[in-house]
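This is a predicted model, so every value here is computed, not measured.
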Amino acid sequence: MIFRCALHRSPSSSLANDSITAMAEGLSPSFYNHFLVLLWGDSESSRLSEANPTVDSEWSSFCDAIMQMCKKSSVVSQETAESSWEFLLNSKFHKNYCKINNMIGLSSGVALDRTGLDSMRSNIDGTKSSEKSFHFDLLMESLDSLHAVYESLKMDNLRRRDLELLAILLCNIAKFLGEECYLDHYVRDFPALCKTVKMGINCLSSKAPFNLFRWLENCLQHGCTSDKTNNLPLVVCKDGSSVVSWARKIVSFYSLLCDAKIIGNKLSSGVSCNIASGSSSSNEELTVLAMVGEKFGLKELDSLPSGVSLPLRHALDKCRESPPADWPAAAYVLIGREDLALSCLARSCKFKELETQTNMNLVSMSTPYMLHLHPVTIPSTISDTVGLESTKFEDTDSIDGSMADGMENIFSSCTQLRYGRDLRLNEVRRLLCSARPVAIQTSANPSASDQDLQQAQLWQLAQRTTALPLGRGAFTLATIYTLLTEAFTVPKLVLAGRLPAQQNATVNLDPSIRNIQELKSWPEFHNAVAAGLRLAPLQGKVSRTWITYNRPEEPNAVHAGLLLALGLHGFLRVLTITDTYQYFSQEHEATTVGLMLGLAASYRGTMQPSISKCLYVHIPYRHPSSFPELELPTLLQTAALMSVGLLFEGSAHPQTMQTLLGEIGRRSGGDNVLEREGYAVSAGFSLGLVALGRGEEALGFMDTLVDRLFHYIGGKEIRNERSLLLAASVDEHNRVTGQMMDGTTVNVDVTAPGAMIALALMFLKSESEVIVSRLTIPQTHFDLQYVRPDFIMLRVIARNLIMWGRIHPSKDWIESQIPEIIKSGVKGLRDDTMDIDEMDAETIVQAYVNIVAGACISLGLRFAGTKDANAQELLYEYAAYFLNEIKPVSTTNRSTFPKGLSQYVDRGTLEICLHLIVLSLSVVMAGSGHLQTFRLLRFLRNRSSVDGHANYGIQMAVSVAIGFLFLGGGTRTFSTSNSSIAALLITLYPRLPTGPNDNRCHLQAFRHLYVLATEARWLQTVDVDTGLPVYAPLEVTIKETEHYSETSFCEITPCILPERSILKTVRVCGPRYWPQVIEVVPENKPWWSFGDRNDPFHSGILHVKRKVGACSYVDDPIGCQSLLSRAMHKVFGLTSLRAGYTGNNSNNGSAAVTVDQLVSTFSSDPSLIAFAQLCCDLSWNSRSDIDFQEFCLQVLFECISKDRPALLQVYLSLYTTIGSLAQQVSNSNLLVGDSLSVSSLKLALSYNEAVMTGRLTTSRGSIVQSVFLGSLRKQVEELLNSAEQLKTDLCNYLNSGSWPNDGSFGVKSSTILSWYLQWFGVPAAPTVKTMVDKIKPMNTSLSPVPLLCLLLPGTHINAVEEINRFLLST
């Protein structure tokens, strides 16, 4: 035969399992072992081992085992029952087994000795009396253990059925043991048990059962240190107890809330508690941390009785406003601050770990219907541009009407939010588009002369088109967040025109007149750089494979531009030395320039030996004498010098500095002598970068180096003889290789710009009076004739960069830069009495405009990226002034500025100064998209085209200025660190090119180095519930500086934050979002890089949580906080109207939809929306339904307006409790079979009293309206007073301990009596009888009520008077 054996590790019934576990934890070992034998062993009746694997069967088996203990305790059978082991020994199988063993010769000694059994039976028979005592003690301990489970189950609304089953079992045990107080306790909770249990007043034990509701109530009323809170069951206080952990957690939470002390790993109330790490300054914060440590989330909170949950919800509500910053993420989720939770996770987790930790830890703290939290990123991908058809351009030449202009990805959800409905970005895209033919306005019937005019106009427009990529690179900087899996595409650079008057016919430049390929060589390079600067890979790097994949077979300017762009982003570190050699071996000028600058930018400040060797190959002076002579173009040598400066930036490397000092005064070895000034300027920039800001350091050769630089500038005197000797020796050494000399002196026209720039960067922000005193501005007419005007501008810039702290955005400061001789000369231009030579006047005006332009550039660098309003207004004012001097465009009379400058200075100089001022203005307002500045730039762009002054350098300045103003689509700005100022000065070097291929004075590729000065200080707020970017007001606080005290100002996100060196705090403010504060320690460090785990702003994303009852600023820009109130009261009016017209159903649907839509407008909480749909249905017709509906609307308004959606459940629970009590009293049918809801309601009132008396602190009052709770108290007492039979039943109960027992009416009367006893805190009848017996012997004429109040401290005065009337009054 084959038998199947099924083993159950634990019972399927949770109640049976909990009860067995409680016995294991609460019974002593000997008792528990005996209990297990009874539970699993005896075959006399069905036990757990034979039970069907169903919940009811298992519980019945457990009850049978307990009742068997009662039987054994009362009557010990005269004949001991045959045990399971004896049953096996007497079986046929065992007898046959013994026979077989004897036949094969095995010993039969393995069988159990029968005589041993007999002697064991005699021993058992002799100990019958001790066995009875043993079972009695066992039952008593079992009662205590199971009672602890019973009290724990009271705290769980979802296990009410289990609680009732356990109450029946405990009644039987208590009845058997004669524990009348226990029996009374269970009958009070479930009055229907009084039919099966006969109560009496004679109690065999005075032991009072533990009442968890009463304990919690005493804790709220008297604090955790009271004597009334020291009677916890042992199994609750036991370490490691799992079966009553639910009750232990609640006890620990209440203990912490009511001033319990922490002693080791236990509380002063006696229970243990796990508390999560984090700071706490109040009992409420400590309670929240305990809830997190015990993994007690919102789901568990919802399963508590409403009265029990109120103090815990109070703690969560109090901590919600401003929780500590060092809490774990789960704590923030628990208090409803998912915004802080995601910020906390972003700080503590790596990106890949975020989702796992979120799902595991946080969802357990959230409500069941809450969506899983995910990190929110706002990539600028195709999905963002679905609804942005208006941003597309129409290209008449293309088949599908669309085109790639390199700016397709600039429109994203965050930029749309930033600029709203205005068309700024569309206009910028139109202005910077170089991929479509430009319109040429001509007559409809052109003649031969018109064609020449078209070519001339097209040539002027081509100058502008070739300058556009420089601005587009800044505009689209780091705006494509995609994986680099596709080929690199560059938009076209179209120099053609179209004729709108002739059906948009295309006109090309005549190649016989212009060399188009030569015209496009460097613009194509810039175009590719602009396309490459768009890339911002999500993984933060570019693979070497992708760069190799995009390398063309034949070198071209496009790939050269890509290399420079990738280098400026820092991505060229993936290239190997072999890759570098292969690029250099192609001998392509643009590729070599792009690669050298890109490598130097990627390895900036590292002094990487392998890279320095690659660079020094392109500097002939560094070649050893045995090295073969190379014909290197000056252009490559210039780029190599700048690259050396970037590579050695800030190192103050002596040998490199000596080399670069010599290169400032050296003619390049190339064939283009005209580019020697650019070579010297590059060497000066490089020298300044190497010693950036370190000129004050005590290096042995610094004095000599400075003297040499002043010699290059053209100083009138040499400070010491040592430098004279050095100059002579160096000149002798360099004369062989072609030192640039005019007679016996240095050619300062070539060396002065580089030397001044080097001094400015070396002593940047050093406030060195010594250097500034030697770097003088001409003070006499002779000096003005001696120094070139454009060099005066460089001297002003250099002086101000050194005296950094003295730059002030005021007209007085700019005027202080101008020497008196120039001031007086300019003022006297219009004065006929002044006798000024025309030559002197021209010199004075030239110096004046250059000094003003130099001061404006200094202002732009000093306040780069700060959006300083004073600097903006001042620079705009000077730009308008110069514009009016060139060609009056404003009728405003500004008498403060000198007039008539254009009579003494050429227009070209004024144009250059004007555009340098405008460039400085855009640097100050970088990334802001400032509308007034943008209008000025657009005017300048159109004006130059109309006036025919479309000089390439001027157009480049306008294009770059537009790009700076919308840097990175408005998401980036400039820093004012030393490194950033140097990069900006290189970009803004005030010698603008005359044509697309002009590299004589400044290599055009250097104009892209502004990228090194950018910072992504962009901050956008994301709604944590919807995952969408939203507007939110921020209060930004910056630290005190020498110019202003600590200042706070308001910004609306998305916005750009101040620099890290001055930023102190960022606070989310305003009435619509929950506040949060981000504290930052001001440091002179660059902004945090993308993905930095220490970034407090999480790479520009700040999660915020909208308060329920508030609309977002997108939906409600002007703010209508009263809208909710007005709308809800309108609904109330509709509801009240419905009460009078119950028969009319015509308008119900629309009104119901109104409530639903209204709630969904103000909250995305699914519980609120579902509540509005289900409980605010105006189709209900009965009076009671309408009353309930009005209550639901009022509660809904309360929860929405105060952002407490979780209290819907509490309000409904308390309301329905009162409703069911009222129906119970008025109807004859039994509606409520227990009094637990009364206990919960009483605890809610105790919470309200604790808040009113200040035992529970709060800033916003009780979370449930005190008036509402007070009305509940009044209604309960009125119901109890109106019960007709209650007084009689109470009298019988107090006198005899009996409960009403006359059929179904008796159960109803028992239920109402139990409510009375629970509500007024009347002890069990035996306890009352004992107290009354103590008072009766005292023959006194005074009222016994005060004595009863002392003896029964937890009993209400009304009940005390009833006890006095029924038991003590004669």
Among residues at least two apart in sequence or on other chains, which ones pass salt bridge (charged side-chain N to carboxylate O under 4.0 Å, His left out) with [X]?
{"X": "Arg1017", "answer": "Glu1015"}
{"X": "Asp868", "answer": "none"}
{"X": "Lys867", "answer": "Glu1051"}
{"X": "Arg862", "answer": "none"}

Using atom types as modelled, flag every donor-acceptor pair under 3.5 Å from a side chain in residues 589-597 to any protein atom, sequence neighbours excluded.
unit_1 : atom_1 : unit_2 : atom_2 : d
Thr591 : OG1    : His588 : ND1    : 2.8
Thr592 : OG1    : His588 : O      : 2.9

Do [X] and [Y] touch side chain to side chain, with heavy atoms closer than 4.5 Å?
{"X": "Val490", "Y": "Asn527", "answer": "yes"}
{"X": "Trp1018", "Y": "Arg418", "answer": "yes"}
{"X": "Ser612", "Y": "Val644", "answer": "no"}
{"X": "Leu1034", "Y": "Leu1019", "answer": "yes"}
{"X": "Leu660", "Y": "Val690", "answer": "yes"}
{"X": "Val529", "Y": "Leu470", "answer": "no"}
{"X": "Ser343", "Y": "His1098", "answer": "yes"}
{"X": "Phe974", "Y": "Thr1014", "answer": "yes"}

Evaluate the criterion side-chain contact (heavy atoms from CB on, under 4.5 Å) for residue pair Val494 and Arg436; output intermediate values, then yes/no.
CA-CA 6 Å; Val494 179; Arg436 57 203 299 259; 6.0 Å; no

I'd like to know if the side chain of [X] reaches the main chain of [Y], judged simply by a donor and an acceptor atom lying under 3.5 Å from each other, with no hydrogens or angles considered.
{"X": "Arg1007", "Y": "Thr987", "result": "yes"}
{"X": "His1103", "Y": "Ile1101", "result": "no"}
{"X": "Thr1053", "Y": "Cys1055", "result": "no"}
{"X": "Arg694", "Y": "Ser651", "result": "yes"}
{"X": "Ser682", "Y": "Tyr679", "result": "no"}
{"X": "Ser643", "Y": "Ala639", "result": "yes"}
{"X": "Gln1004", "Y": "Pro996", "result": "yes"}
{"X": "Arg534", "Y": "Ile480", "result": "no"}
{"X": "Thr580", "Y": "Thr576", "result": "yes"}
{"X": "Ser686", "Y": "Ala683", "result": "no"}

Under 6.0 Å between the ring centres of Phe1097 and Trp1087? yes

task = Determine, using ring centers only, whether Trp546 and Tyr549 are less than 6.0 Å apart.
result = no

Where do [X] and [Y] come nearest, in terms of heavy atoms and distance?
{"X": "Gln637", "Y": "Leu632", "answer": "NE2-O, 3.0 Å"}
{"X": "Ala557", "Y": "Ala528", "answer": "O-CB, 4.0 Å"}
{"X": "Gly927", "Y": "Ile1056", "answer": "O-CD1, 3.5 Å"}
{"X": "Ile981", "Y": "Leu861", "answer": "CD1-O, 3.2 Å"}
{"X": "Gly678", "Y": "Thr638", "answer": "O-CG2, 3.7 Å"}
{"X": "Val1080", "Y": "Pro1096", "answer": "CG2-CG, 4.3 Å"}

Can you tell me which residue pairs pass the salt bridge (Lys or Arg N to Asp or Glu O under 4.0 Å) test with a partner in [range], sequence neighbours excluded?
{"range": "residues 550-563", "answer": "none"}
{"range": "residues 970-992", "answer": "Glu677-Arg991, Asp790-Arg991"}
{"range": "residues 557-581", "answer": "Arg544-Asp579"}

Would you say the side chains of Thr548 and Thr545 form a donor-acceptor pair under 3.5 Å?
-> no

query: Is it true that the side chains of Asp405 and Ser434 contain a donor and an acceptor less than 3.5 Å apart?
result: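 Not at all, the side chains of Asp405 and Ser434 share no donor-acceptor pair under 3.5 Å.
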
Test of understanding: with ring pair (Phe, Tyr, Trp, His ring centres under 6.0 Å), list the residues that count as partners of [X], not counting sequence neighbours.
{"X": "His618", "answer": "Phe584"}
{"X": "His653", "answer": "Phe648"}
{"X": "Trp1088", "answer": "none"}

For this session: Describe, in one word, how the ring planes of Tyr1010 and His1008 are oriented to each other, choosing from parallel (under 30°), tilted (30 to 60°) and perpendicular (over 60°).
Result: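 Rings of Tyr1010 and His1008: tilted, as their planes differ by 30° to 60°.
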
*Any idea how Phe685 and His1002 line up, ring-wise: parallel (<30°), tilted (30 to 60°), or perpendicular (>60°)?*
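Tilted, since the angle between the ring planes falls between 30° and 60°.
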
Would Leu431 and Phe934 count as a side-chain contact (heavy atoms from CB on, under 4.5 Å) here? Give the steps.
CA-CA 11 Å; Leu431 296 179; Phe934 182 44; 3.8 Å; yes

task = Could you please spell out the steps behind the ring pair (Phe, Tyr, Trp, His ring centres under 6.0 Å) verdict for His559 and Phe525?
result = CA-CA 8 Å; His559 192 66; Phe525 175 84; over 10 Å; no

**Q.** Lys/Arg N to Asp/Glu carboxylate O, Glu427 vs Arg424, below 4.0 Å
**A.**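 Here Glu427 does not pair with Arg424 in a salt bridge, since their nearest N and O are not under 4.0 Å apart.
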
| query | Between Lys1085 and Glu1059, is there a salt bridge with N-O shorter than 4.0 Å? | reply |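 Looking at Lys1085 together with Glu1059, the answer is no, because their closest N to O distance does not fall below 4.0 Å.
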
message: Run Ser980 and Ser977 through side-chain hydrogen bond (donor to acceptor under 3.5 Å, both in side chains) and show every step you take.
response: CA-CA 5 Å; Ser980 300; Ser977 65; 2.9 Å; yes

Where do Tyr583 and Leu563 land on the side-chain contact (heavy atoms from CB on, under 4.5 Å) test, with the steps shown first? CA-CA 10 Å; Tyr583 277 118; Leu563 290 176; 3.8 Å; yes

If you look only at distance, which donor and acceptor atoms sit under 3.5 Å apart when one is on a side chain in residues 956-970 and the other is two or more places apart or in another chain?
unit_1 : atom_1 : unit_2 : atom_2 : d
Ser959 : OG     : Ala467 : O      : 3.0
Ser959 : OG     : Leu468 : O      : 3.2
Ser959 : OG     : Gly471 : N      : 3.0

*Worked check of side-chain hydrogen bond (donor to acceptor under 3.5 Å, both in side chains) between Ser521 and Asn997*: CA-CA 8 Å; Ser521 59; Asn997 293 321; 3.1 Å; yes

Practice prompt. Let me see the working for Leu689 and Leu646 under side-chain contact (heavy atoms from CB on, under 4.5 Å), right down to the final yes or no.
Written response: CA-CA 6 Å; Leu689 285 169; Leu646 291 171; 3.9 Å; yes

